[in-house]
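Heads up: the structure comes next, in C-alpha coordinates.
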Amino acid sequence: MKVSGKKAQSRRAIIAAFCEVVIERGYARATLLETARRAEVDNNAVFRLFPNKRALVFAYYTEKLHEVRELLLDTEAYHQYPLEERLTAFFETLLVLHRPNREFIQHSSAVARYSPLGALSGHLQVKAAAREIFDELIIEATDIDEFADHRLFRHLPALLTEFLHQLFVFWMLDESPGYEQSTKAVYVGVRAVLNTLQDRHPLDGISRDSIPQPPFLASAMNMRRLLRSLLLSGVGRDGEEEPT
(Lines give C-alpha, C1' and ligand atoms only; values in the text may rest on other atoms or scores of the structure.)
Protein backbone atom coordinates (compact mmCIF):
# COMPACT_ATOMS: atom_id res chain seq x y z
CA MET A 1 0.00 0.00 0.00
CA LYS A 2 1.45 3.36 -1.05
CA VAL A 3 0.25 6.42 0.85
CA SER A 4 1.36 10.02 0.88
CA GLY A 5 1.40 13.09 3.09
CA LYS A 6 0.77 13.08 6.83
CA LYS A 7 -0.57 9.55 6.84
CA ALA A 8 2.61 8.29 5.18
CA GLN A 9 4.74 10.09 7.78
CA SER A 10 2.73 8.57 10.63
CA ARG A 11 2.94 5.15 9.05
CA ARG A 12 6.72 5.30 8.75
CA ALA A 13 7.09 6.68 12.27
CA ILE A 14 5.03 3.78 13.65
CA ILE A 15 7.04 1.21 11.69
CA ALA A 16 10.33 2.73 12.88
CA ALA A 17 9.13 2.75 16.49
CA PHE A 18 7.99 -0.86 16.23
CA CYS A 19 11.47 -1.85 15.01
CA GLU A 20 12.98 -0.23 18.10
CA VAL A 21 10.59 -1.99 20.44
CA VAL A 22 11.14 -5.40 18.86
CA ILE A 23 14.93 -4.97 18.97
CA GLU A 24 14.79 -4.07 22.67
CA ARG A 25 12.12 -6.50 23.85
CA GLY A 26 11.86 -9.23 21.25
CA TYR A 27 8.80 -9.94 19.12
CA ALA A 28 6.81 -11.74 21.83
CA ARG A 29 7.08 -8.87 24.34
CA ALA A 30 6.64 -6.02 21.87
CA THR A 31 3.28 -4.23 22.09
CA LEU A 32 1.36 -1.84 19.90
CA LEU A 33 0.79 0.44 22.89
CA GLU A 34 4.53 0.87 23.44
CA THR A 35 4.94 1.36 19.71
CA ALA A 36 2.39 4.20 19.77
CA ARG A 37 4.19 5.83 22.69
CA ARG A 38 7.57 5.66 20.91
CA ALA A 39 6.08 7.00 17.68
CA GLU A 40 4.33 9.80 19.60
CA VAL A 41 0.98 9.04 18.00
CA ASP A 42 -2.46 8.25 19.39
CA ASN A 43 -3.07 4.58 20.23
CA ASN A 44 -6.08 4.52 17.94
CA ALA A 45 -3.94 5.75 15.05
CA VAL A 46 -1.78 2.64 15.37
CA PHE A 47 -4.72 0.26 15.55
CA ARG A 48 -6.42 1.90 12.56
CA LEU A 49 -3.35 1.30 10.40
CA PHE A 50 -2.16 -1.99 11.91
CA PRO A 51 -4.64 -4.34 13.59
CA ASN A 52 -1.85 -6.49 15.05
CA LYS A 53 1.92 -6.91 15.31
CA ARG A 54 1.99 -9.30 12.35
CA ALA A 55 0.59 -6.59 10.09
CA LEU A 56 3.35 -4.27 11.26
CA VAL A 57 6.07 -6.80 10.49
CA PHE A 58 5.03 -7.17 6.87
CA ALA A 59 4.29 -3.46 6.53
CA TYR A 60 7.96 -2.92 7.37
CA TYR A 61 9.07 -5.01 4.40
CA THR A 62 6.66 -3.46 1.91
CA GLU A 63 7.53 0.02 3.14
CA LYS A 64 11.24 -0.60 2.51
CA LEU A 65 10.47 -1.71 -1.05
CA HIS A 66 8.63 1.55 -1.73
CA GLU A 67 11.33 3.61 -0.01
CA VAL A 68 13.93 2.17 -2.38
CA ARG A 69 11.74 2.90 -5.38
CA GLU A 70 11.28 6.52 -4.28
CA LEU A 71 15.00 6.99 -3.63
CA LEU A 72 15.94 5.66 -7.04
CA LEU A 73 13.34 7.72 -8.88
CA ASP A 74 14.84 10.80 -7.23
CA THR A 75 18.35 9.85 -8.34
CA GLU A 76 19.82 12.11 -11.01
CA ALA A 77 19.86 10.48 -14.47
CA TYR A 78 18.15 7.35 -13.08
CA HIS A 79 15.77 7.28 -16.05
CA GLN A 80 18.77 6.87 -18.33
CA TYR A 81 20.06 3.80 -16.47
CA PRO A 82 19.96 0.52 -18.42
CA LEU A 83 17.99 -2.31 -16.81
CA GLU A 84 21.11 -3.92 -15.31
CA GLU A 85 22.02 -0.75 -13.42
CA ARG A 86 18.42 -0.21 -12.29
CA LEU A 87 18.16 -3.73 -10.89
CA THR A 88 21.59 -3.65 -9.27
CA ALA A 89 20.82 -0.28 -7.66
CA PHE A 90 17.45 -1.57 -6.44
CA PHE A 91 18.84 -4.69 -4.73
CA GLU A 92 21.89 -2.97 -3.26
CA THR A 93 19.92 0.02 -1.95
CA LEU A 94 17.34 -2.29 -0.38
CA LEU A 95 20.03 -4.19 1.53
CA VAL A 96 21.56 -0.90 2.72
CA LEU A 97 18.19 0.31 4.03
CA HIS A 98 17.71 -2.96 5.92
CA ARG A 99 21.12 -2.86 7.61
CA PRO A 100 20.13 -0.80 10.68
CA ASN A 101 17.22 -3.19 11.33
CA ARG A 102 19.01 -6.51 10.84
CA GLU A 103 18.31 -7.48 14.46
CA PHE A 104 14.64 -6.60 14.00
CA ILE A 105 14.50 -8.92 11.00
CA GLN A 106 15.93 -11.75 13.07
CA HIS A 107 13.42 -11.16 15.87
CA SER A 108 10.45 -10.69 13.55
CA SER A 109 10.93 -14.13 12.05
CA ALA A 110 9.07 -15.32 15.16
CA VAL A 111 5.81 -14.28 13.51
CA ALA A 112 5.83 -17.56 11.60
CA ARG A 113 5.89 -19.50 14.88
CA TYR A 114 2.99 -17.56 16.37
CA SER A 115 0.85 -17.41 13.22
CA PRO A 116 1.91 -19.64 10.32
CA LEU A 117 -1.12 -18.73 8.17
CA GLY A 118 -0.71 -15.05 8.91
CA ALA A 119 2.96 -15.27 8.01
CA LEU A 120 2.07 -16.85 4.69
CA SER A 121 -0.46 -14.12 3.96
CA GLY A 122 2.07 -11.44 4.86
CA HIS A 123 4.76 -13.06 2.73
CA LEU A 124 2.42 -13.04 -0.26
CA GLN A 125 1.68 -9.36 0.39
CA VAL A 126 5.39 -8.51 0.28
CA LYS A 127 5.90 -10.60 -2.87
CA ALA A 128 3.00 -8.79 -4.55
CA ALA A 129 4.57 -5.42 -3.71
CA ALA A 130 7.93 -6.57 -5.09
CA ARG A 131 6.36 -7.86 -8.31
CA GLU A 132 4.56 -4.56 -8.81
CA ILE A 133 7.87 -2.69 -8.60
CA PHE A 134 9.65 -5.12 -10.90
CA ASP A 135 6.77 -4.80 -13.37
CA GLU A 136 7.36 -1.04 -13.42
CA LEU A 137 11.11 -1.46 -13.94
CA ILE A 138 10.56 -3.88 -16.80
CA ILE A 139 7.93 -1.70 -18.48
CA GLU A 140 10.41 1.17 -18.37
CA ALA A 141 13.07 -1.04 -19.95
CA THR A 142 10.59 -2.11 -22.62
CA ASP A 143 9.76 1.53 -23.35
CA ILE A 144 13.38 2.13 -24.37
CA ASP A 145 13.40 -1.11 -26.43
CA GLU A 146 15.80 -2.92 -24.09
CA PHE A 147 15.39 -6.73 -24.28
CA ALA A 148 12.04 -6.27 -26.01
CA ASP A 149 9.97 -9.32 -26.98
CA HIS A 150 12.23 -11.96 -25.41
CA ARG A 151 10.39 -15.20 -24.57
CA LEU A 152 11.44 -14.99 -20.91
CA PHE A 153 10.39 -11.37 -20.50
CA ARG A 154 6.89 -12.13 -19.20
CA HIS A 155 8.38 -14.36 -16.47
CA LEU A 156 10.89 -11.77 -15.33
CA PRO A 157 8.91 -10.13 -12.47
CA ALA A 158 8.28 -13.51 -10.84
CA LEU A 159 11.91 -14.58 -11.27
CA LEU A 160 13.22 -11.32 -9.84
CA THR A 161 10.85 -11.59 -6.88
CA GLU A 162 12.12 -15.09 -6.14
CA PHE A 163 15.70 -13.88 -6.53
CA LEU A 164 14.98 -11.10 -4.02
CA HIS A 165 13.81 -13.69 -1.48
CA GLN A 166 16.91 -15.84 -1.96
CA LEU A 167 19.17 -12.80 -1.82
CA PHE A 168 17.61 -11.80 1.47
CA VAL A 169 18.22 -15.26 2.94
CA PHE A 170 21.80 -15.03 1.68
CA TRP A 171 22.29 -11.59 3.24
CA MET A 172 21.02 -12.72 6.65
CA LEU A 173 23.72 -15.41 6.66
CA ASP A 174 26.40 -13.04 5.42
CA GLU A 175 29.08 -12.16 7.98
CA SER A 176 31.65 -10.88 5.49
CA PRO A 177 33.09 -7.35 5.96
CA GLY A 178 30.68 -4.80 4.54
CA TYR A 179 28.49 -7.71 3.36
CA GLU A 180 30.73 -8.00 0.32
CA GLN A 181 29.46 -11.52 -0.40
CA SER A 182 25.91 -10.16 -0.70
CA THR A 183 27.15 -7.47 -3.08
CA LYS A 184 28.67 -10.23 -5.20
CA ALA A 185 25.37 -12.12 -5.06
CA VAL A 186 23.55 -9.05 -6.42
CA TYR A 187 26.02 -8.66 -9.28
CA VAL A 188 26.03 -12.34 -10.23
CA GLY A 189 22.24 -12.70 -9.98
CA VAL A 190 21.42 -9.63 -12.06
CA ARG A 191 24.10 -10.42 -14.63
CA ALA A 192 22.84 -14.02 -14.91
CA VAL A 193 19.26 -12.84 -15.51
CA LEU A 194 20.30 -10.40 -18.23
CA ASN A 195 22.66 -12.93 -19.84
CA THR A 196 19.70 -15.26 -20.11
CA LEU A 197 17.57 -12.55 -21.72
CA GLN A 198 20.34 -12.18 -24.30
CA ASP A 199 20.39 -15.95 -24.95
CA ARG A 200 23.81 -16.27 -23.36
CA HIS A 201 25.03 -18.67 -20.67
CA PRO A 202 23.93 -17.28 -17.24
CA LEU A 203 27.52 -16.95 -15.97
CA ASP A 204 28.97 -15.63 -19.21
CA GLY A 205 31.42 -12.82 -18.47
CA ILE A 206 31.33 -13.41 -14.70
CA SER A 207 34.74 -14.09 -13.19
CA ARG A 208 35.27 -16.79 -10.57
CA ASP A 209 36.29 -14.11 -8.04
CA SER A 210 32.89 -12.45 -8.44
CA ILE A 211 30.90 -15.51 -7.37
CA PRO A 212 29.81 -15.57 -3.69
CA GLN A 213 31.68 -18.09 -1.55
CA PRO A 214 30.80 -20.37 1.41
CA PRO A 215 29.89 -20.50 4.28
CA PHE A 216 26.53 -19.63 2.70
CA LEU A 217 26.10 -23.11 1.24
CA ALA A 218 22.38 -23.60 1.84
CA SER A 219 21.39 -20.25 0.40
CA ALA A 220 23.92 -20.52 -2.42
CA MET A 221 22.37 -23.84 -3.44
CA ASN A 222 18.96 -22.14 -3.60
CA MET A 223 20.40 -19.38 -5.74
CA ARG A 224 21.92 -21.92 -8.13
CA ARG A 225 18.51 -23.58 -8.41
CA LEU A 226 17.01 -20.20 -9.22
CA LEU A 227 19.57 -19.55 -11.94
CA ARG A 228 18.91 -23.01 -13.34
CA SER A 229 15.18 -22.24 -13.39
CA LEU A 230 15.93 -19.34 -15.72
CA LEU A 231 16.99 -21.86 -18.33
CA LEU A 232 13.94 -24.06 -17.76
CA SER A 233 11.24 -21.40 -17.80
CA GLY A 234 10.93 -20.76 -21.48
CA VAL A 235 14.33 -19.83 -22.84
CA GLY A 236 14.79 -21.34 -26.27
CA ARG A 237 11.26 -22.74 -26.37
CA ASP A 238 8.10 -21.31 -27.84
CA GLY A 239 4.63 -21.69 -26.44
CA GLU A 240 2.75 -20.68 -23.31
CA GLU A 241 4.57 -22.70 -20.67
CA GLU A 242 4.63 -21.35 -17.12
CA PRO A 243 7.83 -20.77 -15.12
CA THR A 244 8.99 -23.66 -12.96
Side-chain angles (χ1 to χ4, degrees), residues 15-16 19 22-23 57-58 60-73 75 78 81-112 119 122-123 126-127 129-134 137-138 156-197 201-230:
I15 292 171
C19 288
V22 170
I23 289 172
V57 166
F58 293 106
Y60 164 82
Y61 291 104
T62 55
E63 192 68 35
K64 289 301 178 190
L65 290 169
H66 292 307
E67 280 187 49
V68 173
R69 182 66 167 151
E70 291 171 12
L71 284 172
L72 294 180
L73 288 173
T75 301
Y78 172 73
Y81 286 9
L83 183 58
E84 180 172 9
E85 290 185 21
R86 292 182 189 224
L87 292 175
T88 299
F90 177 84
F91 289 121
E92 290 184 346
T93 305
L94 184 63
L95 293 183
V96 169
L97 286 186
H98 278 301
R99 281 189 186 186
N101 298 314
R102 193 175 165 99
E103 191 175 349
F104 164 80
I105 296 166
Q106 293 171 331
H107 281 297
S108 67
S109 63
V111 69
H123 182 64
V126 176
K127 289 183 71 173
R131 285 196 64 164
E132 178 184 348
I133 290 173
F134 289 133
L137 287 170
I138 292 163
L156 196 50
L159 290 168
L160 290 172
T161 300
E162 182 59 26
F163 173 70
L164 174 60
H165 173 72
Q166 297 300 339
L167 176 65
F168 211 81
V169 173
F170 192 95
W171 176 68
M172 290 302 295
L173 295 172
D174 190 355
E175 297 179 358
S176 62
Y179 305 110
E180 62 183 20
Q181 296 297 327
S182 295
T183 300
K184 288 183 176 182
V186 169
Y187 166 73
V188 171
V190 171
R191 185 66 257 165
V193 169
L194 299 187
N195 277 341
T196 304
L197 285 175
H201 187 279
L203 299 183
D204 190 16
I206 298 174
S207 68
R208 183 181 297 273
D209 291 340
S210 299
I211 298 175
Q213 301 299 316
F216 320 113
L217 292 177
S219 184
M221 287 177 64
N222 286 334
M223 291 181 72
R224 284 198 294 271
R225 291 192 195 101
L226 174 62
L227 295 180
R228 178 173 171 77
S229 76
L230 292 170

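Residue numbers run from 1 in the order of the sequence given.
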* Asked: For residues Asp209 and Ser207, is any side-chain donor paired with an opposing acceptor at under 3.5 Å?
  -> no
* Approximate separation, where rounding is to 0.5 Å, of Leu167 CG and Leu95 CG -> 5.0 Å
* Non-hydrogen atoms of Val188 and Ser210 that approach each other most closely -> CG2-O, 3.3 Å
* Asked: Can His165 and Lys127 be said to form a side chain to side chain contact (heavy atoms under 4.5 Å, CB included), step by step?
  -> CA-CA 9 Å; His165 173 72; Lys127 289 183 71 173; over 6 Å; no
* Asked: Roughly how far apart are Gln181 CD and Leu173 CG, rounded to 0.5 Å?
  -> 12.0 Å
* **side chain to side chain contact (heavy atoms under 4.5 Å, CB included) evaluation trace for Ile105 with Trp171** => CA-CA 11 Å; Ile105 296 166; Trp171 176 68; 3.8 Å; yes
* To do: Compare all side-chain heavy atoms of Tyr61 with those of Val57 and state whether any distance is below 4.5 angstrom.
  => yes
* Between Thr93 and Leu72, is any pair of side-chain heavy atoms under 4.5 Å apart? -> yes
* Donor-acceptor pair, side chain of Thr62 and main chain of Ala129, under 3.5 angstrom -> no
* Asked: Can you tell if the side chain of Val68 reaches within under 4.5 Å of the side chain of Ile133, non-hydrogen atoms only?
  -> no
* Roughly how far, to the nearest 0.5 Å, is the CD atom of Glu85 from the CD atom of Glu92? -> 11.0 Å
* To do: Work out which heavy atom in Asp174 is nearest to a heavy atom in Arg102; give both atom names and the distance.
  => O-NH2, 3.0 Å
* Phe163 versus Phe134: any side-chain heavy-atom pair under 4.5 Å? -> no
* Asked: Taking only residues two or more places apart in sequence, or in another chain, which ones meet Arg131 in a side-chain hydrogen bond (donor to acceptor under 3.5 Å, both in side chains)?
  -> none
* Hey, could you give me the CG/CG distance between Leu160 and Leu137, rounded to the nearest 0.5 Å? => 8.5 Å
* Taking the six-membered ring for Trp, are Tyr81 and Tyr78 parallel (under 30°), tilted (30 to 60°) or perpendicular (over 60°)? -> perpendicular
* Please list, chain by chain and in numerical order, all residues satisfying side-chain contact (heavy atoms from CB on, under 4.5 Å) with Lys64, sequence neighbours excluded. => Tyr60, Glu67, Leu94, Leu97, His98, Asn101
* Structure fact -> dist Glu162:CD -> Gln166:CD (nearest 0.5 Å) comes out at 5.0 Å
* To do: Please assess Phe90 against Leu71 for the test side chain to side chain contact (heavy atoms under 4.5 Å, CB included), listing each intermediate value before the final yes or no.
  => CA-CA 9 Å; Phe90 177 84; Leu71 284 172; over 6 Å; no
* By side-chain contact (heavy atoms from CB on, under 4.5 Å), which residues pair with Ser109, not counting sequence neighbours? -> none
* When you look at Phe91 and Leu164, which way does the side chain to side chain contact (heavy atoms under 4.5 Å, CB included) test go after all the steps? -> CA-CA 8 Å; Phe91 289 121; Leu164 174 60; 3.9 Å; yes
